[in-house]
Peer 1: 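So that we are looking at the same thing, I have put the structure below in structure tokens.
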Amino acid sequence: MGRVGLGVAAGCAAATCAIAAVLVARRASARARWRRAVALLREFEEGCATPPARLRQVVDAMVVEMHAGLASDGGSKLKMLLTFVDALPNGNEDGIYYAIDLGGTNFRALKVEVGAGSVVTSRKVELPIPEELTKGTIEELFNFVALALKDFVEREDEKDEQKALGFTFSFPVRQTSVSSGSLIRWTKGFSIANAVGKDVAQCLNEALAGSGLNVRVTALVNDTVGTLALGHYHDEDTVAAVIIGAGTNACYIERTDAIIKCQGLLTNSGGMVVNMEWGNFWSSHLPRTPYDISLDDETQNRNDQGFEKMISGIYLGEIARLVLHRMALESDVFGDAADNLSIPFTLSTPLLAAIREDDSPDLSEVKRILQEHLKIPDTPLKTRRLVVKVCDIITRRAARLAAAGIVGILKKLGRDRSGVASSGRMRGQPRRTVVAIEGGLYQGYPVFREYLDKALVEIMGEEVARTVELTVMEDGSGVGAALLAAVHSSNRQQGSI
Ligand code: ADP
Ligand code: MG
């Protein structure tokens, strides 16, 4: 080989080495970036951990806060609101009633026919609430509701006699009677300034009268209370109700003498339904991560509804988006096209659920969602698995915390241990406890339900968990409100609790 040949060979070798060096360096840096993504995942998983011991701490904290909220107004972040519902439907109700369900993503109107121990929804409409109405004036929102109800009622040629309406309004309300109460504050992204402090039943009655509709609010109820009413109608062992939809909340039947902040409160039944407003529950035992803090900063109700922001439908998808966005920034696992991840609320909770429930071998649904909704093309399988894991961690934590909340109520009622021991009944006859449950997240997401059930067993043990039934009440918040309108209308038959 001549000098020239040697020179060319040496040049080629040097170039090959340089290319190899670049490739090795690139691979090393890709590996480092992947390791960073995995480290972020591990950190997030640890931050969200809910081992049984921690869940039991949450249960105990819930019980402590329930006592504090019952002892005095402002005594706890749990408001423990009186509902003035001291009688629940028991099968004696009769007639045709209307209900409006307002309080989250959708507005619903229902016509309910009840009699001879049976209740049927004879008609129903559901409309999304226009975004601008959640931030305007209360008159605008209620005029929209009144017109929608008028359209609904007048579609059937009915007599012009006055009709009783159950109004489900799922925001914190300080009730002054079963049919009146003032809004304490908005939650779930609503922010209508001129409504706080106003009697929402009166405002709605004015809008109804203004629209020429002969319908009046007979019962103003929280969605949890409606769900409890329908649950109790079907099964008298129902003692509590939980909503896990756009937001989350719970109510239960309390003895009036345990409602210390209202001394001298007397009811025929000796009990009253208490609306916990548990979405606002807070405890240092809750597993809070930096992503939860970022989410809180994005919301209009900062520092409030901390429990709700870890559990409910408005928020879970957004927590996932925040985690994936940080991974995109720090690890580049989604390539250059991850801009959509920087837009708040681009990943909804139904999408998070669909990602977690994709059981295809190549995660083709995850691929489709990343492509279509987040504009992230061509993700390798291992990246899709990472995304599934993020959604799983969020779902698991949410469901397990909801389970801890439920056990908190059962513990307050003395039903979290063997009912045999606490009720002094004979061995072998465990007391049955039913919790009515409703909400799009719980009903639409089987993995969430599985995690919740499993956590109930982990916290209470199998034997006690077997005595607790969670029963879905389809449209419970609306149908239950109509039933309460029946209980509190002129055809009233004394209900029981
Ligand atoms: P609301 O009565 O407050 O409007 P819903 O009980 O109808 O709320 O629940 C709606 C919420 O449930 C939505 O915000 C959504 O996040 C969640 N959701 C609905 N369907 C599903 C689903 N299939 N999987 C997970 N979450 C769902
Ligand atoms: Mg609802």
Side-chain angles (χ1 to χ4, degrees), residues 47-50 53-83 103-104 170-174 184-188 222-225 227-228 239-252 254 258-259 261 273-289 292-293 295-296 299 301-316 319 394 396-413 416 435 437 439 441-442 448 452 455-456 459:
C48 290
T50 50
R54 178 177 272 210
L55 290 180
R56 286 195 198 99
Q57 288 172 320
V58 174
V59 169
D60 290 341
M62 181 68 82
V63 176
V64 167
E65 295 300 318
M66 288 172 82
H67 279 284
L70 289 172
S72 65
D73 272 335
S76 163
K77 288 206 88 163
L78 279 188
K79 289 203 157 42
M80 306 299 283
L81 298 169
L82 300 187
T83 61
S170 316
F171 299 96
V173 165
R174 192 163 308 287
I184 298 172
R185 59 182 167 74
W186 291 107
T187 56
K188 296 177 271 187
N222 186 261
D223 50 356
T224 55
V225 180
T227 302
L228 178 61
V239 295
V242 175
I243 301 286
I244 307 175
T248 185
N249 189 13
C251 73
Y252 72 107
E254 184 57 278
I259 309 176
K261 64 183 172 186
V273 177
V274 171
N275 166 15
M276 293 174 65
E277 286 296 329
W278 89 0
N280 202 36
F281 168 68
W282 190 252
S283 154
S284 58
H285 298 298
L286 290 174
R288 196 177 205 208
T289 68
D292 297 300
I293 296 169
L295 169 77
D296 192 41
T299 58
N301 54 350
R302 255 185 94 224
N303 294 326
D304 280 330
Q305 302 296 106
F307 198 49
E308 177 164 86
K309 286 172 185 169
M310 289 185 178
I311 293 178
S312 79
I314 299 180
Y315 305 106
L316 297 192
I319 300 173
I394 294 166
R396 205 167 151 2
R397 180 183 69 164
R400 290 170 70 81
L401 291 178
I406 292 171
V407 181
I409 299 174
L410 301 181
K411 188 162 188 170
K412 172 75 181 68
L413 294 173
D416 63 314
V435 177
I437 191 154
L441 173 56
Y442 183 84
F448 187 99
L452 195 156
L456 288 177
I459 304 170

Peer 1: Any luck finding a side-chain donor-acceptor pair between Asp223 and Asn249 under 3.5 Å?
Peer 2: no
Peer 1: Check whether any side-chain heavy atom of Met62 sits under 4.5 Å from a side-chain heavy atom of Met276, and report yes or no.
Peer 2: yes
Peer 1: My understanding is that only residues two or more places apart in sequence, or in another chain, count here; which of them pass ring-ring contact (aromatic ring centres under 6.0 Å, His included) with Trp186?
Peer 2: Phe169, Phe171, Phe190
Peer 1: Taking C-beta and beyond as the side chain, do Met310 and Ile319 meet within less than 4.5 Å on heavy atoms?
Peer 2: no
Peer 1: Between Thr299, Leu316, Asp292, which is the residue that forms a side-chain contact (heavy atoms from CB on, under 4.5 Å) with Lys309?
Peer 2: Thr299
Peer 1: Arg396: what forms a side-chain contact (heavy atoms from CB on, under 4.5 Å) with it, not counting sequence neighbours?
Peer 2: Asp392, Arg400, Tyr451
Peer 1: Write down the atom of Ile244, the atom of Ala402, and the distance for their closest heavy-atom approach.
Peer 2: CD1-CB, 4.0 Å
Peer 1: Holding to side-chain contact (heavy atoms from CB on, under 4.5 Å), I want the full list of residues that pass it with Ser76, two or more places apart in sequence or in another chain.
Peer 2: Glu65, Ala68, Leu78
Peer 1: Taking the side chain from Thr227 and the backbone from Ile437, do they hold a donor-acceptor pair closer than 3.5 Å?
Peer 2: no
Peer 1: Step by step, work out the side chain to side chain contact (heavy atoms under 4.5 Å, CB included) result for Leu452 and Tyr442.
Peer 2: CA-CA 9 Å; Leu452 195 156; Tyr442 183 84; 4.1 Å; yes
Peer 1: Among all residues two or more places apart in sequence or in another chain, which pass the side-chain contact (heavy atoms from CB on, under 4.5 Å) test with Asp60?
Peer 2: Lys411
Peer 1: Between Asp296 and Arg288, does any side-chain N to carboxylate O distance fall below 4.0 Å?
Peer 2: yes
Peer 1: What are the two closest non-hydrogen atoms of Ser312 and Thr248, and how far apart are they?
Peer 2: CB-N, 3.8 Å
Peer 1: Considering residues at least two apart in sequence or located in another chain, which fulfil the ring-ring contact (aromatic ring centres under 6.0 Å, His included) criterion with Phe307?
Peer 2: Trp278, Phe281
Peer 1: Is the closest side-chain heavy-atom distance between Leu228 and Thr224 below 4.5 Å?
Peer 2: no
Peer 1: Given 3.5 Å as the limit, does a donor-acceptor pair link the side chain of Thr50 with the main chain of Arg397, or not?
Peer 2: no
Peer 1: Over all heavy atoms of both residues, which pair between Leu55 and Ala455 is shortest? Give the atoms and the distance, please.
Peer 2: CD1-CB, 4.2 Å
Peer 1: With a 4.5 Å cut-off on side-chain heavy atoms, are Tyr315 and Glu308 touching?
Peer 2: yes
Peer 1: Quick one: closest heavy-atom pair of Leu81 and Pro172, and the distance?
Peer 2: CD1-CA, 4.2 Å
Peer 1: So, Lys77 and Asn303: side-chain donor and acceptor under 3.5 Å apart, yes or no?
Peer 2: no
Peer 1: Does Gly69 offer a backbone N or O that forms a donor-acceptor pair with the side chain of Lys79 under 3.5 Å?
Peer 2: no
Peer 1: Please identify each residue that fulfils side-chain contact (heavy atoms from CB on, under 4.5 Å) with Arg54, with sequence neighbours left out.
Peer 2: Pro51, Gln57, Pro287
Peer 1: Quick one: does Val274's side chain get under 4.5 Å of Tyr252's, heavy atoms only?
Peer 2: yes
Peer 1: Would you confirm whether Asp304, through its side chain, and Asn301, through its main-chain N or O, come within 3.5 Å as a donor-acceptor pair?
Peer 2: no
Peer 1: Just so I know, are the side chains of Leu82 and Ile259 near enough to count as touching, which here means a heavy-atom distance under 4.5 Å?
Peer 2: yes
Peer 1: For the residue pair Gly408 and Met66, what are the closest heavy atoms and their distance?
Peer 2: O-SD, 4.0 Å
